[in-house]
Amino acid sequence: MARERYLLDSGESTIHDDSYLNMSREEKRKNWWDYNKWYVVLGLIAVIMIFYYTYQHITYVEPDYRVALLTQVSVEDAALTDLADHLEPYGEDLNGDGEVKIEILMYANDGVPSDDANYANYLESMEVFHTKYLADYNVCESMLWIIDEASYKMIGAQVEDVYAPFDKSVADPENDRWIPVDSLESMKDIKFPSIKGYDHSFTEQDINKLLSRYNFCLRMKENSQIEFKDSLIKYHADSEKLLNNLINNTKMVEG
């Protein structure tokens, strides 16, 4: 009985609102869009993101080598690409995809600025530098490193446990754990298109000065985590061969 009273009191129009039925087709489409447009937009965004990441995954070419660049001067992406392109002819197709690909990982610690305004940025870059350097060291992402003296010193006493000594015939006379980049014939004609830093403004004429600051270093395999994983032992050997090809100016593929 109470149920019937509620139904009678509520009125027929609120239970069976037929206004939607009287709408035109155009009005129904507009009404549907008003209620569902954000679901459509979000759905399209989701589809685009799925397509994008799927495309990136399908087209991504895993590099054969990763080479770390530890530098006190931030280098533009275009310069990193040029550096990789220059090194690739000296490498080999390790993953069998038909091409040699080298990825340059830059760990920058922009030098101490001359003005206080940039000092906070300097401290931040130092923190990022150490975080990236330690992450690479722990996972052995790169075995071959290109490093300037300032960055080398920032690693401190750890260097003797990080970098392998070289034969005196190729090593720097004052430090047998690095090979000056500009001492190698294979690196004579490399050019960086654009370079930036807090207190640096390099032109093309300054390239030789910049290269003279860099050195090749190779991760030490002995007494490190590299010794305990076959894939890392092979990667280390392949990276050492890449460096030897650069030392001997021996190209594996024409570039």
Side-chain angles (χ1 to χ4, degrees), residues 56-57 59-95 97 99-111 124-156 158-159 161-164 177-181 184 186-187 190-197 200 210-211 213-221 224-226 229 231-243 245-246 255:
Q56 291 287 97
H57 177 74
T59 58
Y60 176 71
V61 179
E62 184 70 22
D64 299 286
Y65 309 85
R66 288 186 172 92
V67 176
L69 175 65
L70 282 73
T71 173
Q72 199 178 13
V73 181
S74 296
V75 179
E76 299 281 7
D77 288 344
L80 299 181
T81 300
D82 276 14
L83 176 57
D85 290 344
H86 186 88
L87 298 178
E88 283 168 0
Y90 297 90
E92 297 182 79
D93 177 18
L94 303 180
N95 56 21
D97 64 359
E99 63 177 315
V100 179
K101 182 179 179 181
I102 293 179
E103 181 180 358
I104 307 297
L105 306 176
M106 184 179 69
Y107 308 142
N109 58 92
D110 292 284
E124 183 178 350
S125 74
M126 288 275 290
E127 184 176 350
V128 172
F129 169 80
H130 280 291
T131 300
K132 288 184 174 181
Y133 152 69
L134 288 173
D136 191 318
Y137 175 78
N138 289 328
V139 303
C140 301
E141 196 165 16
S142 53
M143 300 293 181
L144 183 59
W145 294 29
I146 301 173
I147 183 169
D148 61 21
E149 187 172 357
S151 300
Y152 188 90
K153 289 180 177 179
M154 283 177 61
I155 298 173
Q158 303 174 35
V159 293
D161 298 324
V162 175
Y163 301 121
R177 295 181 188 271
W178 73 36
I179 300 172
V181 168
L184 301 182
S186 60
M187 301 298 291
I190 188 169
K191 293 185 184 299
F192 288 124
S194 56
I195 297 163
K196 65 179 182 180
H200 310 282
L210 179 67
L211 287 178
R213 301 173 59 172
Y214 289 128
N215 305 277
F216 281 111
C217 294
L218 184 70
R219 282 285 307 271
M220 172 129 19
K221 180 178 66 175
S224 73
Q225 63 268 47
I226 299 171
K229 195 171 182 179
S231 60
L232 292 180
I233 293 174
K234 183 180 183 307
Y235 182 34
H236 185 277
D238 290 331
S239 299
E240 186 173 14
K241 185 176 181 181
L242 169 63
L243 177 57
N245 289 340
L246 289 165

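Here the CZ atom belonging to Arg213 is positioned 8.5 Å from the OG atom belonging to Ser151, to the nearest 0.5 angstrom. Here the straight-line distance linking atom CD1 of Ile146 with atom CG of Leu69 works out to 6.0 Å at 0.5 Å rounding. Note that the OH atom of Tyr214 and the CG atom of Leu83 stand 9.0 Å from one another [nearest 0.5 Å]. Going from atom CG of Asn138 over to atom OG of Ser224 covers 11.5 Å, rounded to the nearest 0.5 Å. In this structure, the separation between CG on Leu232 and CD on Gln225 is 7.5 Å, given to the nearest 0.5 Å. Taking CG of Asp93 as the reference point, atom NZ of Lys101 lies at 12.5 Å (rounded to 0.5 Å).
When all heavy atoms are compared, the tightest approach of Ile104 to Leu80 is CG1-O, 3.5 Å. For Cys140 against Tyr235, the heavy-atom pair with the smallest separation is O-CE2, 3.7 Å. Across all their heavy atoms, Arg219 and Ser142 have their closest contact at CG-O, 3.7 Å. When all heavy atoms are compared, the tightest approach of Met187 to Val181 is CB-O, 3.5 Å. In plain terms, the two heavy atoms of Ile147 and Cys217 that are nearest each other are CG2-SG, 3.4 Å. Here the shortest heavy-atom pairing between Ile226 and Ile233 reads O-CG1, 3.3 Å.
The closest side-chain heavy-atom distance from Leu242 to Ile102 is below 4.5 Å. At a threshold of 4.5 Å between non-hydrogen side-chain atoms, the residues Met220 and Arg177 count as touching. When side chains are defined from C-beta on, Tyr107 counts as touching Leu105, because their heavy atoms get closer than 4.5 Å.
Residues passing the ring pair (Phe, Tyr, Trp, His ring centres under 6.0 Å) test with Trp178 are Tyr152, sequence neighbours excluded.
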*asked:* Please determine whether side chain to side chain contact (heavy atoms under 4.5 Å, CB included) holds for the pair Tyr90 and Ser186, giving the CA-CA distance in whole Å, both sets of side-chain angles, and the decisive distance to 0.1 Å.
replied: CA-CA 9 Å; Tyr90 297 90; Ser186 60; 3.4 Å; yes
_Under the criterion side chain to side chain contact (heavy atoms under 4.5 Å, CB included), I'd like the reasoning laid out for Tyr65 against Glu88: C-alpha separation, chi angles, the key distance, then a yes or no._
CA-CA 9 Å; Tyr65 309 85; Glu88 283 168 0; over 6 Å; no
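The salt bridge (Lys or Arg N to Asp or Glu O under 4.0 Å) pairs that include a residue from residues 231-242 are Glu92-Lys241, Lys234-Asp238, where partners are two or more places apart or lie in different chains. Evaluation of the salt bridge (Lys or Arg N to Asp or Glu O under 4.0 Å) test over residues 132-151, restricted to residues two or more places apart or in two chains, returns Arg66-Glu141, Glu149-Lys153.
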